[in-house]
Colleague: 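My questions will all concern the structure given below.
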Amino acid sequence: MADRNRSYKADKMVELLAPKLTRQVVGSLLGCVHCGMCNEACHYVLTHPDDPKMTPSYKADQLRKIFKRHFDWTGRVFPRWVNAYPPVTDEDLEELKDIAFGTCTNCRRCTFNCPMGVDTATLNRIMRGLLTRVGVMPEGVRVVSKDTWEIGNQMGVLDEDYIETLEWISEELVDQVGGDEQAAIPVDKLDAEVVYTINPREAKYDPRTINNAALIFYAADENWTMPSWGWDQTNFGLFSGDDAMGAASWKHLEEKFKELRGKRLVISECGHGYRSTRCEGPNWSGTDQDFVMESSVVTMIRYIREGRIKVDKSKNSIPVTFHDSCNNARSCGFYEEPRELLNLVASDFREMHPNRTENYCCTGGGGAMSMSEYTPRRLKSARVKADQIAATGAKIVVTSCHNCVDGLTDVIRHYKLDCKVAQLVDLVAGALVLEECAVIRKKAAAKPEPGLPLQGRKILVVDDEDDARVFISTVLADAGATIIEATDGDQAIELAGKEKPDLITLDISMPGKDGVEVFRELRGSPDTAAMSICVVTGHPEFREVIYAAHAEKPDGYMNKPVSPEDLVTGVHRILELRDKKE
Ligand code: SF4
Ligand code: SF4
């Protein structure tokens, strides 16, 4: 009778399991002694104390049954002794689906509390992968997987919508910084120092985080870009257990990064995105990781430490606490960097307890937010997290993970906590002292120094007498001008055409071509006709001569000896009048 109901899918799962039986996986399958020490580690057990099906060992035992029945001699010979009765019908697989997807967020807290080193979360992910490959999965997982395969990101954000979002964020940013076009987000810029990748949730639901990151890159005067495709650093393969999807998503990201010839791939704050991009993706795709990848948290710390951005932590004075994302913390050892940054940008940071490896899951992990059928159980299990948050007295829970933002927001709403959720990028942007950041410092340095009236002006000083020429040049240079000198008429005409000075001080009495001739030639040439010319002469009698030399008069006239003040004031005035005319 049993054979009549035997599921083809169950048989297929056995076949699919074989290549996944690495030494580490078999170690976890065989290592459990059912001591129960991990039970208290699991938020599902703590909130469902009377349900033995919530224990980590029960969940992992579902895979053990398949393994023992088909791959281990004990199960083949003595199935009853080792409980080697795996799923055989489609109904069994439905039950397995609810266990693998609905009672575990793959948070790995139990793993860190197992004296035998059993990695229950990995076993659960393998079970999810087997089920997914035979088409047994929650509807939400099916939809997200389809979007990932067909559209290229897990939230089905179309490339044109993504680009449009970046465009309007750019417009708002430019306005925010007083019209500086440099604040616009560069897309597909080649050879950038930073290629910034995001979670699609940011483009779809939380563009504020893109805005804040872009503001920080602008403030740091970073040479950065965002890709037009291949921008999703998240990877649903981690949650669904589908290694093929994990590999394809990672290759997408890698291909675009290499096409852009970027120097450093920066991953926005997302726990599973960081883990799958930096740690798992190259393994799933069998690729050597040959370029630099880092979390944006590390990037922001570097900007502060190097003085590229200036922050004022008193701008974030509301009490904050920090929630460790399971993927960032337990799976990647990313504990201290977020705290270092938080202490730099917030003045009242309170640790949540327990924390780091022992922190509890936000309950939205493992793709749980996409499986609405399990929401009531998830929210019941969230009581542990709600108690942790409430005990801190913080008004903001900071986390470096978009998944946790959604999970925690749900917890806060459900348990009516007086708190909101933010990410580090929001706090850093909020603490920026823009006027002291690299971009503004650079622009200020390029501006003329206040108090130097001729800063940025180029002046050609024409005089055959060394004393007079050096005097005029020195006075004008001290007033900020850039000086070029000519000692005779021919040289003056040549330099005027080549250097295009803002103004020429012109001596009249010179050997060879005198000032009158020089004046005439300059005014007669289309290249130099409009140049400002101030005659500086020791022969006042030439004034009438030169005034009669051309219909156009000189822009100024000074008799030697001229005082430094009169010289600077006169030249400055001529230039100001010219600026106004232009
Ligand atoms: S997984 Fe480890 S801690 Fe949990 S029951 Fe098995 S041996 Fe004990
Ligand atoms: S991985 Fe997390 S949710 Fe899953 S059984 Fe272990 S402690 Fe519980």
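In listed order, ligands and their atoms are each counted from 1. Numbering starts at 1 and runs along the sequence shown.
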Colleague: Can you list, by chain and residue number, the protein N, O or S atoms under 2.8 Å from atom 6 (Fe) of ligand 1?
Modeller: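 The answer, once waters are left aside, is Cys32 SG.
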Colleague: Can you tell which part of Lys59 has a heavy atom less than 4.0 Å from ligand 2: side chain, backbone, both or neither?
Modeller: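 Near ligand 2, Lys59 shows its side chain, while the N, CA, C and O stay back.
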Colleague: Using the rule salt bridge (charged side-chain N to carboxylate O under 4.0 Å, His left out), only one of Arg278, Arg302, Lys263 pairs with Glu294; which is it?
Modeller: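 For Glu294, the salt bridge (charged side-chain N to carboxylate O under 4.0 Å, His left out) check succeeds only for Arg302.
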Colleague: Say whether His43 and ligand 2 are in contact under the criterion: heavy-atom distance to a ligand atom below 4.0 Å.
Modeller: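 So His43 counts as touching ligand 2.
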Colleague: Heavy atom of Pro115 under 4.0 Å from ligand 1?
Modeller: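 Within the 4.0 Å threshold, so yes.
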Colleague: I need the nearest protein heavy-atom contact for atom 2 (Fe) of ligand 2: residue, atom name and distance, please.
Modeller: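 Scanning the protein heavy atoms, the shortest distance from atom 2 (Fe) of ligand 2 goes to Cys107 SG, 2.3 Å.
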Colleague: Do Phe257 and Pro227 have side-chain heavy atoms sitting under 4.5 Å apart?
Modeller: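 No, their side chains stay 4.5 Å or more apart.
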Colleague: Kindly state whether the ring of Tyr374 and the ring of Phe101 have centres lying under 6.0 angstrom apart.
Modeller: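 When the ring centroids of Tyr374 and Phe101 are compared, they turn out to be at least 6.0 Å apart.
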Colleague: I'd like to check Pro86 versus His70 (side-chain heavy atoms, cut-off strictly below 4.5 Å). Are they in contact?
Modeller: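 Yes; the side chains approach each other to less than 4.5 Å.
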Colleague: Under a plain distance cut-off of 3.5 Å, with no hydrogens placed, do Ser240 and Asp242 share a side-chain donor-acceptor pair?
Modeller: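 Result is no, nothing qualifies.
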Colleague: Do Asn327 and Ser325 pass the side chain to side chain donor-acceptor pair (under 3.5 Å) test, and can you show the C-alpha distance, the side-chain angles, and the key distance before you say yes or no?
Modeller: CA-CA 5 Å; Asn327 282 309; Ser325 131; 5.2 Å; no
Colleague: Only distances under 3.5 Å count here; give the side-chain donor-acceptor pairs of residues 33-47 to other protein atoms, sequence neighbours excluded, each with its distance to 0.1 Å.
Modeller:
unit_1: His34; atom_1: NE2; unit_2: Asp61; atom_2: OD1; d: 3.0
unit_1: His34; atom_1: NE2; unit_2: Asp61; atom_2: OD2; d: 2.9
unit_1: Thr47; atom_1: OG1; unit_2: His43; atom_2: O; d: 2.6
unit_1: Thr47; atom_1: OG1; unit_2: Tyr44; atom_2: O; d: 3.3

Colleague: Just to confirm my output: which protein heavy-atom neighbour is closest to atom 8 (Fe) of ligand 2, and how far is it?
Modeller: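 Its nearest protein heavy-atom neighbour is Cys42 SG, 2.4 Å.
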Colleague: Nearest non-hydrogen contact with atom 6 (Fe) of ligand 2 belongs to which option: Ala121, Ser381, Cys110, Gly365?
Modeller: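 The nearest heavy atom belongs to Cys110.
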Colleague: Taking the side chain as every heavy atom from C-beta outward, state whether Met155 and Asp147 have any atom pair closer than 4.5 Å.
Modeller: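 Side chain of Met155 against side chain of Asp147, heavy atoms only: no contact under 4.5 Å found.
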Colleague: A side-chain contact here means heavy atoms from C-beta on lying under 4.5 Å apart; do Val320 and Arg350 qualify?
Modeller: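 Counting from C-beta outward, Val320 and Arg350 never come under 4.5 Å.
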Colleague: Do Thr277 and Gln233 pair up side chain to side chain, a donor and an acceptor below 3.5 Å, judged on atom types alone?
Modeller: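 No, no side-chain donor-acceptor contact under 3.5 Å.
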Colleague: Check ligand 2 against Cys104 and write out every atom of the ligand that is under 4.0 Å from a heavy-atom position of the residue.
Modeller: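 Ligand 2 atoms under the 4.0 Å threshold to Cys104: 1 (S), 3 (S), 4 (Fe), 5 (S).
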Colleague: Looking only at protein heavy atoms, identify the closest one to atom 3 (S) of ligand 2 and say how far it is in Å.
Modeller: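 Looking at atom 3 (S) of ligand 2, the protein heavy atom closest to it is Thr105 N, 3.4 Å.
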